[in-house]
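Following: one structure in structure tokens, then a few remarks.
Owing to the predicted nature of the structure, the values given are computational and were not obtained by experimental measurement. A note on names: the letters A, B, ... follow the listed sequences, proteins ahead of strands, and every chain is numbered from 1.
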Amino acid sequence: MPNDKPDRTPNFIRNIIIEDLKHNKNDGRVHTRFPPEPNGYLHIGHAKSICLNFGLAEEFNGLCNLRFDDTNPVKEEDEYVKSIIEDVSWLGFDWENRLYYASDYFDQLYDYALQLIKKGKAYVCDLSSEETREYRGTLTEAGKESPYRNRSIEENVDLFERMYKGEFADGARVLRAKIDMAHPNMNMRDPVMYRILHAAHHRTGDKWCIYPTYDWAHGLEDSIERITHSACTLEFEDHRPLYDWFLEQLGTFHPQQIEFAPMNLTYTMLSKRKLLELVQGDHVNGWDDPRMPTISGLRRRGYTPASIRNFSEMVGVAKRESTVDIAMLEYCIREDLNKSAPRVLGVLQPLKVVITNYPENQAEELDAVNNPEDASMGTRKVPFSKIIYIEQDDFKEDPPKKYFRLAPGREVRLRYAYFITCNEVIKDEKTGEIKELHCTYDPATKGGNAPDGRKVKATLHWVSAEHAIDAEIRLYDRLFVKPDPGAEKDVDYKTFLNPNSLEILKSCKLEPGLKNVVAGERFQFERQGYFCVDSKDSKPDGLVFNRTVPLRDSWAKIEKAMKNK
RNA sequence: UGGGGCGUAGCCAAGUGGCAAGGCACAGGGUUUUGGUCCCUGCAUUCGGAGGUUCGAAUCCUCCCGCCCCAGCCA
């Protein structure tokens with residue numbers, strides 16, 4: 001059995017496939033598909049579905065198609081298909097030559113509809129949409145049959161052909177399946193198959209003015225492509241009897257629809273409609289804003305495809321409604337970047353430090369390790385001189401308990417450099433603001449070790465002032481302040497948008513080696529977090545970095561715990 | 001009051017009659033020139049509840065409770 005990851009958590013869909021394979025169902029074929037509607041950008045929830053479908057195909061030596069479910073021209077755009085293609089392939093999946101569109105099948109769908117009409121299983125209905133709703137009945141009451149339900153086959157064929165030809169106005173008529181207006185499942189009460197829409201389609205242009213509905217089209221799309229296992233989300237469970245009904249009536253290849261629970265993520269929103277609102281309302285800067293849970297947003301934020309694939313595997317697939325803790329996603333990106341990202345020194349909020357006993361006009365090149373997790377990534381040189389910057393947070397004039405960074409009289413290590421001791425704090429006379437620190441260094445501790453064996457409790461990152469390069473750094477935080485911003489039904493979720501989800505730092509100081517970075521390049525700024533070069537705004541003479549995720553910070557936890565005491 | 005689903009730890013999630021995997025989070029401890037990583041340890045006598053069947057139940061049966069979805073010519 002093709003399974004190179006025996007430790008993968010089992011899930012019910014995989015179990016169904018294993019069982020089907022055991023009985024040689026579909027001649028042992030496994031063929032899945034990812035069927036997005038091109039009406040928005042893909043988000044992390046779609047990524048889970050992509051990983052599921054392509055992953056299953058991969059695991060069982062099958063195939064997975066990418067298919068655009070473009071049956072509604074008024075909502076769909078080419079921009080979205082472009083972004084979806086980019087996102088799926090960025091995630092690392094390959095549909096080879098199997099890129100399909102529902103619109104490729106419009107002719108076949110039309111023929112199938114004619115077949116159903118001729119079997120007396122579909123009819124043209126002249127009821128308005130309001131009337132159709134009234135006739136449908138309610139959840140607890142049966143519906144009424146349309147007065148047009150018993151038209152002759154000839155009349156239905158004629159009317160349907162004239163619908164196709166464009167003789168009727170939008171909404172004037174629809175084609176409906178003739179099933180059962182008293183069915184307890186609302187979806188079976190003569191569902192609409194075609195509606196008249198005089199709208200240009202992003203691919204077929206003005207060829208069509210009738211468009212198939214999802215229920216009518218989807219099963220047939222799957223059938224035409226000989227899909228074996230058609231995974232979709234839970235809300236379509238009620239549609240399965242209809243999915244099956246159409247395929248049975250037509251006697252065509254019958255894929256199996258399997259429903260799984262869609263994913264929710266804490267502190268964000270996974271709904272195309274709401275994400276569109278955030279974009280259109282300028283609450284974020286576009287679909288690929290690094291705060292967005294979209295694949296393009298995560299990509300720009302610095303997430304790797306591997307981290308997202310791993311996350312998808314980690315959250316699993318089940319039928320139970322779930323809200324995954326965003327900490328799990330953050331864990332996945334840290335895990336990946338810890339192994340792969342080069343370490344670098346960068347100061348976000350600089351505090352000037354003068355090493356008073358270090359010679360003027362001197363600079364030396366110190367050896368620094370590029371990644372302690374991977375020796376093959378080698379070492380580099382970092383310049384050191386009399387004036388350096390350290391992080392404002394790394395000095396406290398009046399250090400609290402358990403704070404073991406720099407403080408007056410205290411000695412700490414500068415990473416890869418020297419031990420320094422703080423002797424003097426220079427303040428602005430008026431504001432009391434700390435302007436700079438005067439420290440002395442111990443020349444014997446070069447590289448970071450004291451020959452006499454004395455220890456320091458802290459190691460700080462730093463950057464030489466005269467060698468540093470400037471950069472803008474964008475710090476991102478969760479998009480919403482509540483774990484489930486949509487939970488309160490009578491409060492708009494936008495109320496819970498985090499006003500501090502983006503903080504821009506303009507005068508960050510980075511080690512000079514970062515001068516020639518390229519868009520998308522990722523680094524760990526030691527003791528801070530993982531950052532990547534912004535793909536849109538970063539320029540050679542104006543570097544912009546996005547913080548992907550901060551490092552775990554146990555000091556922050558201690559601080560918080562002390563405050564809560 | 002119709003139909004379809006789902007209830008295993010704070011969050012995901014295995015398990016399908018033989019005595020509760022794993023991960024995240026959290027809490028301790030060790031290593032450490034990143035308060036990072038890594039490594040140990042702890043974390044459900046119990047599976048929504050109550051009965052029943054059985055030598056034995058999260059798994060089977062009955063009843064009850066809770067949550068989600070469905071009345072678009074959206075997908």
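Within the nucleic acid shown, A:N371 has no heavy atom closer than 4.0 Å to any nucleic acid atom. When heavy atoms are screened at a 4.0 angstrom cut-off, A:N449 is found touching base atoms of the nucleic acid. If you check every strand for non-hydrogen atoms under 4.0 Å, A:R173 touches nothing. Using a 4.0 Å heavy-atom distance criterion, A:K339 is classed as making no nucleic acid contact. Here A:T138 lies in heavy-atom contact (under 4.0 Å) with a base. As judged by a 4.0 angstrom heavy-atom cut-off over every strand, A:L175 is placed among residues making no nucleic acid contact. Across all strands shown, A:R415 has heavy atoms under 4.0 Å from base atoms, whether or not it also approaches the sugar-phosphate. A:H239 comes within 4.0 angstrom of a base, heavy atoms only. Within the 4.0 angstrom heavy-atom criterion, base atoms lie near A:S129. A:V317 comes within 4.0 angstrom of sugar-phosphate atoms only, judged by non-hydrogen atoms across all strands, and of no base. If you check every strand for non-hydrogen atoms under 4.0 Å, A:R552 touches sugar and phosphate atoms only. Nucleic acid contact for A:S128: base, since at least one base atom lies under 4.0 Å from a heavy atom of the residue. Base engagement by A:V174 is indicated by at least one non-hydrogen atom pair under 4.0 Å involving a base atom. No contact: A:R189 has no heavy atom under 4.0 Å from any strand.
Look at B:G29: its glycosidic torsion is beyond 90° from 0, and that puts it in the anti range.
With hydrogens and angles ignored, no donor-acceptor pair under 3.5 angstrom links the side chain of A:Q528 to the base of B:U34. In the interface, the side chain of A:R527 is not paired with the base of B:G35 through any donor and acceptor atom under 3.5 Å apart.
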Polar pairs (N or O, both sides) under 3.5 Å between protein and nucleotides 3-6 of chain B?
from	atom 1	to	atom 2	distance (Å)
B:G3	N2	A:D238	OD1	3.4
B:G3	N2	A:D238	OD2	2.7
B:G4	O2'	A:D238	OD1	3.3
B:G5	O2'	A:E237	OE1	3.4

Quick test: give all pairs of protein nitrogen or oxygen and nucleotides 41-43 of chain B nitrogen or oxygen below 3.5 Å, distance rounded to 0.1 Å.
none

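In this structure, the side chain of A:D69 does not engage the main chain of A:P36 through any donor-acceptor pair within 3.5 Å. In this structure a side-chain-to-backbone donor-acceptor pair under 3.5 Å is missing from A:R133 to A:S128. Checked by atom type and distance alone, the side chain of A:R8 never pairs as donor or acceptor with a backbone atom of A:E313 at under 3.5 Å.
The phosphate of B:C11 has neither OP1 nor OP2 within less than 4.0 Å of any side-chain N or O from A:N264. In this model, the phosphate group of B:A13 is not approached by any side-chain N or O of A:R14 to a distance below 4.0 Å at OP1 or OP2. Contact between the side-chain N/O atoms of A:R8 and the OP1/OP2 oxygens of B:A13 is not found at any separation under 4.0 Å. Within the 4.0 Å cut-off from OP1 or OP2 of B:C74, at least one side-chain nitrogen or oxygen of A:R195 is found. Applying the 4.0 Å criterion to OP1 and OP2 of B:C24, one finds that A:Y331 has a side-chain N or O inside that range. Residue A:T213 has no polar side-chain atom (N or O) positioned under 4.0 Å from OP1 or OP2 of B:A75.
Atom name C1', nucleotides B:A71 and B:G4: the rounded distance is 14 Å, in whole Å. For the C1' atoms, the distance from B:G49 to B:A58 is 14 Å, rounded to whole Å. Distance noted for atom P between B:C11 and B:C68: 16 Å (whole Å).
No hydrogens or angles considered: nothing links the side chains of A:D190 and A:Y135 as a donor-acceptor pair under 3.5 Å. Residues A:Y214 and A:E221 have side chains that never bring a donor and an acceptor to within less than 3.5 angstrom of each other. Using modelled atom types and a 3.5 Å distance limit, the side chains of A:R33 and A:S230 yield a donor-acceptor pair. Side chains of A:E526 and A:Q524: no donor on one and acceptor on the other come within 3.5 Å. Under 3.5 Å, the side chains of A:D70 and A:S103 contain a donor-acceptor pair of N or O atoms. Defined by atom type and a distance below 3.5 Å, a donor-acceptor pair is present between the side-chain atoms of A:R413 and A:T459.
Rounded to whole Å, the distance from CD on A:E373 to P on B:U32 is 15 Å.
Remark: B:C63 base-pairs with B:G49; criterion is Watson-Crick or G-U wobble with both hydrogen-bond distances under 3.5 Å.
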